[in-house]
Each structure stands twice: as C-alpha cells, then as structure tokens.
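Scroll down for the structure; my scribbles are underneath it.
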Protein chains: 2
Amino acid sequence: MNGENEILDRCEETIIHPDIVEKLKKELLTEQKSYNLSEFFKIFGDLTRIRIIQVLSLQELCVCDISTILNISQSATSHQLKILRQFGVAKPRKDGKMMYYSISDEHIKSIFTNGLEHISE
Amino acid sequence: MNGENEILDRCEETIIHPDIVEKLKKELLTEQKSYNLSEFFKIFGDLTRIRIIQVLSLQELCVCDISTILNISQSATSHQLKILRQFGVAKPRKDGKMMYYSISDEHIKSIFTNGLEHISE
DNA sequence: AATATATATGAACATATAAACATATATAAA
DNA sequence: TTTATATATGTTTATATGTTCATATATATT
C-alpha cells in the first residue's frame, strides 16, 4: 500500500548508519542465490538426513542397509534419499533390483566434518 | 509391541549385508551428537538467517542496520538473531542502547563459504 | 508367467517453525 | 523524571515438512 511504510516494525525514520547500509546493500547476494544456499543447507538440518549422510560418508550403501543400520523405515529412508539425490548430496548406482547410494562429492564431506568439529568444541 | 517387527516397512527378514550393517552400527555417531549437528545446520537452512549470516560475515552490524539492509522487520530480525546467538553463530556486543552483532568464529564463515562454492558449481 | 522382494512415491496427517502483532525492557535525551 | 528509541520477546497463526500408510514399479527367481 505505502512503499515507505511497508514494514513499520523497524527502526524509525532515521537510518542508523546510512553509509554502511548503502555499502552492504550492494554486496548482498541475489535473493535467488541466498534462497538456493538456504535450501542446500536445509538438507543437513534434519536428524534423519544427517544420519544418512554420516553413514554414506563412511561407505556406499544400499537402501535396505541404510534403513537397517539407522532403524528408519524403508519408506522414510527412500523419501529422504530422494531429497539427497535432488540436491546432489548423494548419488545412486543401480545394480539389479538394488540401489546403492554414496556421497556425491568431497564438498559434502567437508561441510559435514566442519560442522561436526564445530559442535564438538 | 513386537521388538522384531517394530518397523514393518523395511527390507524383509533377510538383512542384505549383515557384516556391513554390524560394522557401521558401531561407527554411528551418538543420537545426541547427530541431533546437535542437525540442529546446528538448521541455522543455515533458512533464507532470513542465511542472509543475516551473509551480511554479518562482511562486518559487524547493529540490529537496525541489519533489518534495513535486508528489508526484514525489526521483530523478525531480533527473533532470528536470538537463534543465531543461542547456537553460537553470532555474538552480540552492547553499546549503549545499541546491540552490535558479528559472526562468532571462523568455522561459521568456512561453512558459509563452502556451501556458497558448492551451489555455485 | 507368477511370485517375491527391493525400492519409489502419492496422499494424509501431525509437528515444527517463521512471521506478524502486541508489548516489554533498557538506555539516552530532554 | 518524562519521553523517545533500539532491541527483545510472548503469543498466535499460517506454512512447511517429515513420517506413515498404501500402493506402484522394477527386477530376480521359481
């Protein structure tokens, strides 16, 4: 309705540090890139998925083994693996009626390890 | 009810690779550690928070500047900063009635950068 | 061909959580 | 000490999403 008052619940008329605000506005990531990044990190922000990522970072596994090791239903495992696939976190390999999954690249293992070290401090 | 059939929706009676299953079960992180790790990564898995993390990784900022730069309400900004504080992602510095926030350590910047590089491939 | 089994997936449901709104707190300025 | 302002927070509501259940698909085995 009113461009200047779109968000009322913010610091009043006066911008605190106009120079800093202007400078940083130019350095912002695009909304699209920020969104993609948050969606990517969302993958790691779920207990079931992080457990799957952990075991897959140890070795390639079939769906049944993953679900048995982690005590997760086949359906839930498969649903989560689909998400991991879609975001390029895990990659599938088909062998007969079995599907084997592994971590798709070293970036993923780095992020996992980095986070694990951080919370272990 | 039935220990052996707690989860029916999994591979049938036969475990596919008993040796692998037994080996990996021993290498599992504790449930607590996995949970903490997923909660930690959850911080990065939200558009608003990842945008706050981005600007804070550029420089220390007061709440009002953050909300102005990102066009987020003061309330929403403060709520998210509370979460970032609680998980040791951002640290506050008080100066009069102003609160300045900055990224609490290099681990956070690494994870952010690592993720950004990954999605940029 | 019929059956068994490993995996995938659509839909429903329950839960988690981010944003808005209202209001409280704390400090500065008058 | 009264007012203004920067930040914090409790509550409500809307939305997102993980799990379950039922079922489909694909391959192997008989």
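Keep in mind that the numbers below use all heavy atoms, side chains included, and drop hydrogens, waters and symmetry copies. By convention in this document, chain letters (A, B, ...) are assigned in the order of the sequence lines, proteins followed by strands, and residues within each chain are numbered from 1.
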- prompt: Where along residues 79-95 of chain A does a heavy atom fall under 4.0 Å from DNA chain C?
  reply: A:H79, A:K82, A:R85
query: Any side-chain heavy atom of A:C62 within less than 4.5 Å of one from A:D65?
result: yes
message: Which label fits A:F44 and A:F40: parallel for a plane angle under 30°, tilted from 30 to 60°, or perpendicular past 60°?
response: perpendicular
- prompt: Paired with D:dT25 by Watson-Crick or G-U wobble geometry, both distances under 3.5 Å: which nucleotide is it?
  reply: C:dA6
task: Nearest whole angstrom, please: distance from the P of C:dT7 to the CD1 of A:I66.
output: 9 Å
message: Taking the minimum atom-to-atom distance to the side chain of B:Q74, which one of C:dA20, C:dA8, D:dT7 wins?
response: D:dT7
- prompt: According to a strict under-4.0 Å criterion, is A:S73 in side-chain N/O contact with OP1 or OP2 of D:dT20?
  reply: yes
query: Is B:K23 salt-bridged to B:E27, cutoff N-O under 4.0 Å?
result: yes
statement: Contact check, residues 43-60 of chain A vs DNA chain D, heavy-atom distance under 4.0 Å, returns A:D46, A:T48, A:R49
query: Quick check: does any side chain N or O of A:S38 sit under 3.5 Å from a backbone N or O of A:Y35, one acting as donor and the other as acceptor?
result: yes
statement: Taken to the nearest whole Å, CG/A:D65 to C1'/C:dA6 is 11 Å
message: Taking side-chain hydrogen bond (donor to acceptor under 3.5 Å, both in side chains) as the cut-off, I'd like each qualifying pair that reaches into residues 44-61 of chain A, sequence neighbours left out, listed once.
response: A:R49-A:Q80, A:E60-A:R93
- request: Assign each of A:K42 and B:M99 to its nearest nucleotide of DNA chain D by heavy atoms, then name whichever residue's nucleotide is nearer the 5' end.
  value: B:M99
- request: Measure distances between side-chain N and O atoms of A:S78 and base N and O atoms of C:dT9, and say whether any donor-acceptor pair falls under 3.5 Å.
  value: no
message: Distance criterion of 3.5 Å, no angle test: do you see the side chain of A:S75 paired donor-to-acceptor with the base of C:dT9?
response: yes
- prompt: Is B:L28 close to A:L70 at the side-chain level, that is, under 4.5 Å between some pair of heavy atoms?
  reply: yes
- prompt: Taking the inter-plane angle between the rings of A:Y100 and B:H17 on a 0 to 90° scale, is it parallel (under 30°), tilted (30 to 60°) or perpendicular (over 60°)?
  reply: tilted
statement: Here the distance between atom P of D:dT27 and atom NZ of A:K97, to the nearest Å, is 11 Å
- prompt: How about A:K91 and A:Y101: do any of their side-chain heavy atoms sit closer than 4.5 Å?
  reply: no
- prompt: NA contact type, B:Y101, heavy-atom cut-off 4.0 Å: base, sugar-phosphate, or nothing?
  reply: sugar-phosphate
- prompt: Quick one: are A:I108 and A:D105 in side-chain contact, heavy atoms under 4.5 Å?
  reply: yes
